[in-house]
Amino acid sequence: MKVSSVWVLLLSMLISVDTFAIEPQPPEQPRIMELLPPQTYGKQGGSLRVLMAKSKDIRMLNVYGYARLVGYDQNFELVPDILLSYENEDDRIFTLHLRPGHRWSDGVLFTSEDFRFYWEDVALNKDLSPYGPPKALQVDGEFPTVEIVDELTIRFTWSTPNPHFLPLLAAPRALSIYFPAHYMRQFHNKYVDADRLESLRKQAKKRNWVALFKSKDNVYRMDNPDLPTLQPWYNTTFKPADRFVFLRNPFFHRVDARGTQLPYIDEVVVNIVGSSLIAAKARAGESDLQGRYIRLDNYTFLKEGEKQSNYQVRFWKAARGSQFALYPNLNANDEQWRILNRDVRYRRALSMAINRHEINQVVYYGLASEGGNTLLPESSLFQEDFMRIWNQYSPQEANQLLDEIGLTERDERGVRLLPDGRPMNLIVHTAGEDTEETDVLQLIHDHWLDIGIKLYIRPSQREVFRSRVISGDAVMSVWKGLDNALATSDMSPWELAPYSQQQLQWSKWGDYYETGKGSAPDLLPATRLRTLVEDWERSRNRQQRWDIWQEMLKIYSNQVFSIGTVTGIMQPIVVSNDLRNVPAQGWYSWEPGSYFGVYNPDTFWLIKSRREQ
Amino acid sequence: MGHYIVKRILLMIPTLLLISFVVFVIIQLPPGDYLESYIAELQAQGESVDMEKIAYLREEYGLDKSFFQQYISWVSGFVQGDYGYSFEYDLPVSEVVGDRMYLTIAVSVLTILFTWIIAFPIGLYSATHQYSWGDYGLTLIGFIGLATPNFLLALVMLYLANVYFGTSIGGLMDEQYINQPWSWDKVKSVLEHLWIPVVVIGTSGTAGMIRRLRANLLDELHKPYVVTGRAKGLPETRLLLKYPFRVSLNFFIADIGSMLPSIISGAEIVALVLSLPTTGPMLLGALQSQDMYLAGSFLMFLAMLTVVGVLISDLLLAVLDPRIRLEGGAQR
């Protein structure tokens, strides 16, 4: 599509939503993006193709777009983005200033009314939010006071500090505290008379107006083309579809230092294909920017196609605490195994019996680094010791530890016996999604047989896997390591402590803190970790947070609550030769990087659009 | 005959009710529900889950109700043409299925035709030239088609089509035609992609059909009526097609019962490998994520088509083969 026809389309859409036609423009005080070499200033235009495996994946455009009230820059420091500026007093009082003249993608002004509407008419509305505003905004059971100071100023006030607030706004799935009020009002019973609402409800075949409202409001999912957005590109395709077209937001708030409005790229096309075909299609040159659904073992295959299909494969680093970690279930139902899992000597023995070097060489071509599940060396909180402790390969010591626990009896295969006489046949559950997991487990099987433990692999479905762990049926499970392994002391250390049901080693304890169900932790180091998270939440200065992080990391690795293997895995990224400004190296991570998000895909540009070729 | 048909149709109602119950039980058998899998999906990449939102959704989708309440509401809706709600797509089931149904039918009908066009002449030839080189050669080819894993063949052909013809990988058309109105170019693009699944799925079906046709025909070829016909001077081709061939088609007619559902579901694995926009991958996805109304509706459609298909093949058999009687009871 030529640029001019895009405008025509846009303008006609604007007119159809009964707004007066406004010249597409950035806000009066846009965010100015300095591009440092090797990045170059580009030109507007072109169409970028990406591949996704499910139509739900279009939410990634919200992640890649990464327009947030405040966001991380490439050094993972918080900077105002959609906001012109903000003031933070003791993490208690946050004053947010909007950019004058900033408009939604449909051309309507973005003002403090959008925050007021969200807070008063949605978060505090008993029908729309029966459980009240999001838990994340709650500190010690108290919600903030939200003041609308003037058209461009909003103030959030807590009586105790809430250090979570800004990181939550910068998250890949950001906490949503504003709505396009002008659009959402037409589905709200406070603003629309009952008859009209009823006919809209009927049309959408929804149970009641609440369901109707909720079906329209999902800012993150990007699946409602009618919902105005502040992201660099907005969706134009209704589901169900296998091809989604996103167009540039003509009111986007960033410009480059030469005054060209961003994003450079006019159109992002998301094609939905089976996940197994994505590497093949990328190789055939059918994607301009692809990281999702591509794995390290696709590398040679992709590299081969570089010349033929005009792209380059780059290596970014995956920012996981461990590519592959084992989680002994401290809440397992089986009493014997639970007692063992809770014994720190047992966890240490298992960890020391793993030959990480072999795993690295065999599965990861020796490209990974070996060690426990902890932060990466690139994090300012990293200490060598956390990565090394209890992770040195030593089957003798491991055997000694197991003997010390009293597991001295063995059966005729040489497998140790549990105190009740059962052989130690340890079943490890996997989500069964890729062969990488089973490859690594096959190696660990041999390592553990040396210390008298026979490992069995049980792959299942991701959903079944999860419910087995939560119910306590799984004694041990396998999943990736820490999500945010590049943490700074300002980021919450929740992953290291019982916090949520999703944590595989203590999901029942996590459930206890999350919903009040489950059971309270009764293991000293775990309760200590939990207390430390709570201390972090109340902490007032950086030094204190740094100390808390250090203590938590120390406990976590010393107690081996999860058994890490290797980390620093390379993530191949396919980048078209026509696409500029994609960094040669980067972090490919959900949290805190939002995948491509922190590298500002709105500054990527195409040297020629495909039609010109 | 009329009496029989009415009785059969009435019998279909309890059959389908029973099937619907079994289908629903099976879909609900794995632990958890859609929201569990939704949470698992979010968790997989570290997205946070708001448990209160989940509690709200559970209520909204009626997942907090008892099994029987959920079943009753689904079945009663189904009768009225309301197939329920797909959680995964966040749309009514009928809207989700939409276009996919037509493309699926197109792929399957063509595949079936392809199978027939290949299998019938070969079967006829093999039977009439038993133990000849031609018989062995063609049978061998048929068996290779049967023995090669479909997904593997699909991948190989995808690769070759991409390298030699520049066909885009997977799908049923080049990406620029998706969501576009039908045009001549779009049709060409579809045809360019369509032959791969048709050949892949078709080759696996031909071997079975060739063998069955051959076996049935061989049974008939030496029966006295054939000999009589030949003795009376009927031309060989006419003799073959009019009598033994017709009788040997019994199996083929009996197959219609299973053919109808395969038009909808046809070869999920191949569709998955080739990323075809058909209903197969959708059904698989729905079962995986426990999107129960979507999966249930698909399975019910298939069940209905099976039941109808079996009825049709029974009736056709009666027409084709006078030896078959539908009234039952002893007859002289």
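Each chain gets a letter, A, B and so on, in the order the sequences are listed, and its residues count up from 1.
In this structure, the portion of Asn271(A) lying under 4.5 Å from any heavy atom of chain B is its side chain and not its backbone. Using a 4.5 Å cut-off between heavy atoms, Val269(A) touches chain B through its side chain atoms alone. Heavy atoms of Val97(B) lying under 4.5 Å from chain A are absent altogether. Proximity to chain B is absent for every atom of Pro172(A), based on heavy atoms less than 4.5 angstrom apart. Within the 4.5 angstrom heavy-atom criterion, only side-chain atoms of Tyr34(B), from C-beta onward, approach chain A. Heavy atoms of Gln308(A) lying under 4.5 Å from chain B are absent altogether. With a 4.5 Å cut-off on non-hydrogen atoms, Thr237(A) touches chain B through its side chain but not through its backbone.
The choice from Ala211(A), Ser276(A), Ser471(A) that makes the most heavy-atom pairs within less than 4.5 Å of chain B is Ala211(A). If you tally non-hydrogen atom pairs under 4.5 Å between each of Pro277(B), Ser168(B), Pro92(B) and chain A, the highest count goes to Ser168(B).
The heavy-atom pair separating Val273(A) from Ser275(B) by the smallest distance is CA-OG, 3.2 Å. Of all the heavy atoms in Glu95(B) and Pro240(A), the pair that sits closest is O-CG, 3.4 Å.
Of the inter-residue distances, the one linking Leu91(B) atom CG with Lys239(A) atom NZ reads 4.5 Å to the nearest 0.5 angstrom. With rounding to the nearest 0.5 angstrom, the CD atom of Glu175(B) is 11.5 Å from the CD1 atom of Ile272(A).
In the displayed structure, Trp182(B) atom CH2 is contacted under 6.0 Å by more than 12 heavy atoms of other residues, nucleotides or ligands. Summarising the local packing, OH of Tyr512(A) is surrounded by 12 or fewer heavy atoms from other residues, nucleotides or ligands at distances under 6.0 Å.
The stretch residues 155-167 of chain B places Leu158(B), Asn162(B) near chain A, each with some heavy atom under 4.5 Å from a heavy atom of that chain.
In this structure, the salt bridge (charged side-chain N to carboxylate O under 4.0 Å, His left out) partners of Lys188(B), at least two apart in sequence or on a different chain, are Asp185(B).
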